[in-house]
Undergrad: 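Structure below; questions to follow.
No experiment lies behind these values; they were computed from the predicted model shown. In the text below, chain A, chain B and the rest are named by the order of the sequence lines, each starting its count at 1.
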Amino acid sequence: MVTDTRAPDSTAPGPTGAVPDKPSLDGLEDKWVARWATEDTYGFDRAAALAAPRGDTFAIDTPPPTASGSLHVGHVFSYTHTDLVARYQRMRGRHVFYPMGWDDNGLPTERRVQNYYGVRCDPSLPYDPGFQPPAKPGKDQQPISRRNFVELCERLTAVDEAAFEELWRRVALSVDWNNVYRTISGTSRATAQRMFLHNLARGEAYAQEAPTLWDVTFRTAVAQAELEDRERPGAYHRISFHSANGPVFIETTRPELLPACVALVAHPDDERYQPLFGQTVRTPLFEVEVPVVAHRLAEPDKGSGIAMICTFGDLNDVTWWRELQLPTRPVVGWDGRLVAEPPAGVPDQPYAELAGKTVFSAQQRIVELLRESGDLQGDPTPITHPVKFFEKGERPLEIVTTRQWYIRNGGRDADLREVLVARGREIQWIPDHMRHRYENWVEGLNGDWLISRQRFFGVPFPVWYRLDAEGEPSYDDPILAPESALPVDPSSDVPEGFTEADRGVPGGFMADPDVMDTWATSSLSPQVASGWDTDPELFAHVFPMDLRPQAHDIIRTWLFSTVVRSHYEFGTVPWSHAAISGFVVDPDRKKMSKSKGNATTPLDVLDRYGSDAVRWRAAGARPGADSPFDEAQMKVGRRLAIKILNVGKFVLGLGASAGLSAEQVTEPIDRGLLATLASVVEEATAAMEAYNYTRALEVSEAFFWSFCDDYVELVKSRAYSTGDAARSAQATLALALSVQLRLFAPVLPFVTEEVWSWWQSGSVHRALWPTAAELPAGGDPAVPAVAAEALAAVRKAKSEAKQSMRADVATATVTAPEAQVALVEAARVDLTSAGRIASLSVVAGEGPLTVDVVLAEPSEA
RNA sequence: GGGCGCGUAGCUCAGCGGGAGAGCUCUCGCCUUACAAGCGAGCGGUCGCAGGUUCGAUCCCUGCCGCGCCCA
């Protein structure tokens, strides 16, 4: 039976009880990964947690990694950061609810499946129950049905997820592997659909036919959060429009949209064009009459100061179209090619030869035509300008008018924006300044959250539409799936009152063809992980959760969208804390990413330095701070791990660890050492409480090295002897080891567990975090500090004489401030034996402590 | 262009009102029975620049320069 905590018991003999002769890191990872799995060391005890007050539970909303992606050391670092907190909270005696999820729906998985198997989804094909993917992907992607495609997605993500889990176990993430969720699972789909229906019922979700940013490669709409500007070359084409009073020159980077032109626009204050306002001009080539209008967004210093408004070249066009109530003349289709028929009012010629061309080819042809007609003045002027891209896309976004689902997020409602900003202020951000990222994003929103995607592997909208007598869908009264039926797949499930025969026929029904964007599901990770749909009792206990760990690049997406969903459904923030990790960057300070080719594979690094060493390095990266990848640092972590093994061997090898207790610590230097350690414990604890694992490690580590180099050296010979004084040293060493192993346990789970197992029963990771109270009070930290200072002076004398540290000292005279004399005297025995000093005298004097050292004559060899 | 963060030893970073620090690197030593995958010692910085506040500024304020991230 696994209990959540057990009190440390420094006298109980361990299960193995044996200290190896030659401790080594080799094999520790395999050994303890297996042991932790069989003993379910990190399992969440649901019953115990529910029986205890909420404050005894610590719930973490783990980021579900994209299972189809690849991991690099940056992921290892940020997940380790979370694990440091989880392990600390567990050692504080809390029930740590630490699930793991896989984000396996959406575009990345589709792409991986396409490439891995050499297939593509064709929703018009029927399901083939016997389908087997080609052994090797062929030259051309094989079209398969949607259901076959989804099956391949599920098959491949299962494999990917297993590989991820193995890596996470190797890194020693202390997640509860009994609690794993997938964003494409039935539960996730049901949760996402149920939440969507709630949003819809409350008016928070809606569908609208509207201009939408559109990726022509993926043939899907994309959301504002997925946009990025990229600098791209372009050219201003100076083109003449025709009017009764002569030509009007505009400059455009997109001459191919000439047939889509609905107006010209200039700034209302622009005197050059004021006479034209209210007039009409004719487009070149097509001779379509368009009005000249005024609008404040027109930029007088850009180009000629007058621009054409098209359907739709950019977001300004959309604004103009909406605010000036202009007609539309769509020419760009969903595939990024010019549509077959010209828009109403645009003549067949010369449009016919543009139809079917890509925008690129259409532009070339239009430019030729303009040259021939004399409407292109001069040569195009090359420029570079920002162009909107889908962050995962490679071709510029177009704007097409489509019917899409949206969730209100404040982008069109200043009051809601304010409310959501206020929600952000309810969250404790780590580090605090990351709050600005959130607020900037919310305040800069300019549209609602577009959640529908024209893709296949995702959560479908649980919606059907009736078809009228002409077979046209009636969008005004959608048929919603009943909540009891969720999850549904409207493309194979049939709404109540219809049969499959009614699908797609006049008077029948059709499914909503879209799926939800992956963020629309992952924004529900607290609900999915905490059992909103499956375990209401648990959900009521752990939600709102304690911690959302994530990286800063997805504050605008994952963090914000999670806040939105929680705000709507529960009227609360989803977690009390958000801990934001920085990136691991390469030596040039560039973010590590696979696409840049600078990513370091974690397995290789883990193999060479060990998980503890990599975790140690991760713990040195403060929350929110980027840290450069530097292998030299890994070596330092590895050295610390080895040192812990060796000092553990020394302390326990004294053969006297059993039966020792704090009462036996009598010597002033020993009591002083433990007093110092008590303040280290207090400082480390305060740092961990503030999520400052870096500071906690720093103080623990600084103590540890001086413990090894000074204290252990000072008391070594006393510890080897017998009697009360020896027992005092042995008890101190044992106590200090126990405390330090626990201080290091979150960072170095493998070596601390190994050493712990030599003399303790149970896992160090289920032991209680150390407290100052378990150490004897009243010791004077100055005793070991001054003794170490004196010893250092002796060592320096030997070092400068190029002598071994084992060289004998004939006489050593310590001159110390009056107040320190007694301190040195208190450590006299240890100091003389550690320094191999034949005759030590201590005198009071001015200034800081000094030691006059007279080395003994080297003995004859 | 806006927001945020950062400029401290060759490198990575602590410190954030009264003594400029750590680790790594480097140099010189040491086989020392926990550890040579170790130990000891040492070298190394007008704390980005310029003003201001203060008895006193690496630390607070202002401006500038440089770097990074996010957003337009």
Side-chain angles (χ1 to χ4, degrees), chain A residues 19-26 224-225 227-229 315 386 388 391 429 431-446 551-557 580 582-591 608-610 613 616-617 620-654 687 692 694-695 697-699 701-702 705-710 712-713 716-717 719-720 733 737 755 758 791-808 834-836 848:
Chain A
V19 181
D21 288 339
K22 192 78 182 163
S24 163
L25 297 179
D26 295 341
Q224 183 183 351
L227 300 182
E228 63 184 37
D229 283 349
L315 292 173
K388 294 211 179 303
E391 60 187 355
W429 296 76
D432 189 65
H433 66 80
M434 287 296 174
R435 172 193 320 281
H436 298 292
R437 294 278 187 96
Y438 174 90
E439 293 185 0
N440 282 356
W441 175 254
V442 177
E443 285 161 359
L445 287 168
N446 56 28
H552 55 66
D553 55 336
I554 52 174
I555 289 173
R556 63 180 178 160
T557 48
I580 309 297
F583 292 134
V584 173
V585 294
D586 70 12
D588 296 329
R589 298 261 163 192
K590 297 292 178 219
K591 179 190 171 185
R608 279 186 291 139
Y609 300 102
W616 175 87
R617 177 65 192 96
R622 305 166 75 85
D626 292 349
S627 60
F629 180 74
D630 179 1
E631 296 210 3
Q633 297 294 320
M634 307 285 176
K635 291 181 193 164
V636 179
R638 185 174 174 83
R639 216 164 64 181
L640 173 65
I642 292 170
K643 192 80 171 175
I644 288 172
L645 283 180
N646 281 317
V647 81
K649 180 197 162 189
F650 166 73
V651 170
L652 301 175
L654 294 169
N692 193 346
T694 303
R695 175 69 188 154
L697 173 60
E698 194 178 285
V699 295
E701 207 180 337
W705 286 108
S706 98
F707 169 77
C708 290
D709 295 339
D710 297 329
V712 167
E713 293 302 328
K716 192 180 270 182
S717 57
Y720 273 129
L733 289 166
L737 181 65
V755 176
W758 293 340
L791 179 61
V794 173
R795 288 197 290 229
K796 180 171 179 174
K798 293 181 182 178
S799 189
E800 283 175 350
K802 302 195 175 184
Q803 295 291 303
S804 158
M805 290 301 122
R806 217 175 51 163
D808 288 325
R836 302 177 73 91

Undergrad: Would you check if the side chain of A:Asp626 reaches a backbone N or O of A:Phe583 as a donor-acceptor pair within less than 3.5 Å?
TA: yes
Undergrad: Any side-chain N or O of A:Lys643 under 4.0 Å from OP1/OP2 of B:rC39?
TA: yes
Undergrad: Mind pulling the stems RNA chain B is in, i.e. runs of at least three Watson-Crick or G-U pairs, everything under 3.5 Å?
TA: B:1-7 with B:65-71, B:10-13 with B:21-24, B:26-30 with B:38-42, B:48-52 with B:60-64
Undergrad: A:Asp709: what forms a side chain to side chain donor-acceptor pair (under 3.5 Å) with it, not counting sequence neighbours?
TA: none
Undergrad: Produce a footprint string for nucleotides 67-72 of chain B: one letter per nucleotide, 5' end first; B if the base is under 4.0 Å from any protein heavy atom, S if only the sugar-phosphate is, - if neither.
TA: -SBSSS
Undergrad: Provide the distance between the two P atoms, one in B:rG15 and one in B:rG1, to the nearest whole Å.
TA: 32 Å
Undergrad: Output all residues satisfying side chain to side chain contact (heavy atoms under 4.5 Å, CB included) with A:Glu800, sequence neighbours left out; order by chain, then residue number.
TA: A:Lys796
Undergrad: Residues two or more places apart in sequence or in another chain: which of them pass side chain to side chain contact (heavy atoms under 4.5 Å, CB included) with A:Ala625?
TA: A:Arg622
Undergrad: Using a cut-off of 4.0 Å between protein heavy atoms and nucleotide atoms, how would you tag nucleotides 23-32 of chain B 5' to 3' with B, S and -?
TA: BS---SSS-B
Undergrad: Assuming nearest nucleotide by heavy-atom distance, tell me which of A:Arg638 and A:Asp710 is located more 5' along RNA chain B.
TA: A:Arg638
Undergrad: Can we say A:Arg437 and A:Glu443 salt-bridge, meaning some charged N sits less than 4.0 Å from an Asp/Glu carboxylate O?
TA: no
Undergrad: According to side chain to side chain contact (heavy atoms under 4.5 Å, CB included), who are the partners of A:His433, at least two apart in sequence or on a separate chain?
TA: A:Pro431, A:His436
Undergrad: Suppose we screen for side chain to side chain donor-acceptor pair (under 3.5 Å). Which residues come up paired with A:Arg639, at least two apart in sequence or across chains?
TA: none
Undergrad: State which residues pass side chain to side chain donor-acceptor pair (under 3.5 Å) with A:Asp229; sequence neighbours excluded, sorted by chain then number.
TA: A:Lys388
Undergrad: Could I get the full list of side chain to side chain contact (heavy atoms under 4.5 Å, CB included) partners for A:Arg695, not counting sequence neighbours?
TA: A:Glu683, A:Ala687, A:Asn692, A:Glu698, A:Val699
Undergrad: Partners of A:Gln633 by side chain to side chain donor-acceptor pair (under 3.5 Å), sequence neighbours excluded?
TA: none
Undergrad: Roughly how far apart, to the nearest Å, are B:rC11 and B:rC47 at atom P?
TA: 16 Å
Undergrad: Under the ring pair (Phe, Tyr, Trp, His ring centres under 6.0 Å) test, which residues partner A:Phe707, sequence neighbours left out?
TA: A:Tyr711
Undergrad: What distance, rounded to whole Å, do you find between the two P atoms, one in B:rC6 and one in B:rA14?
TA: 9 Å
Undergrad: What interatomic distance, in whole Å, is found between C1' of B:rG17 and the corresponding atom of B:rU58?
TA: 10 Å
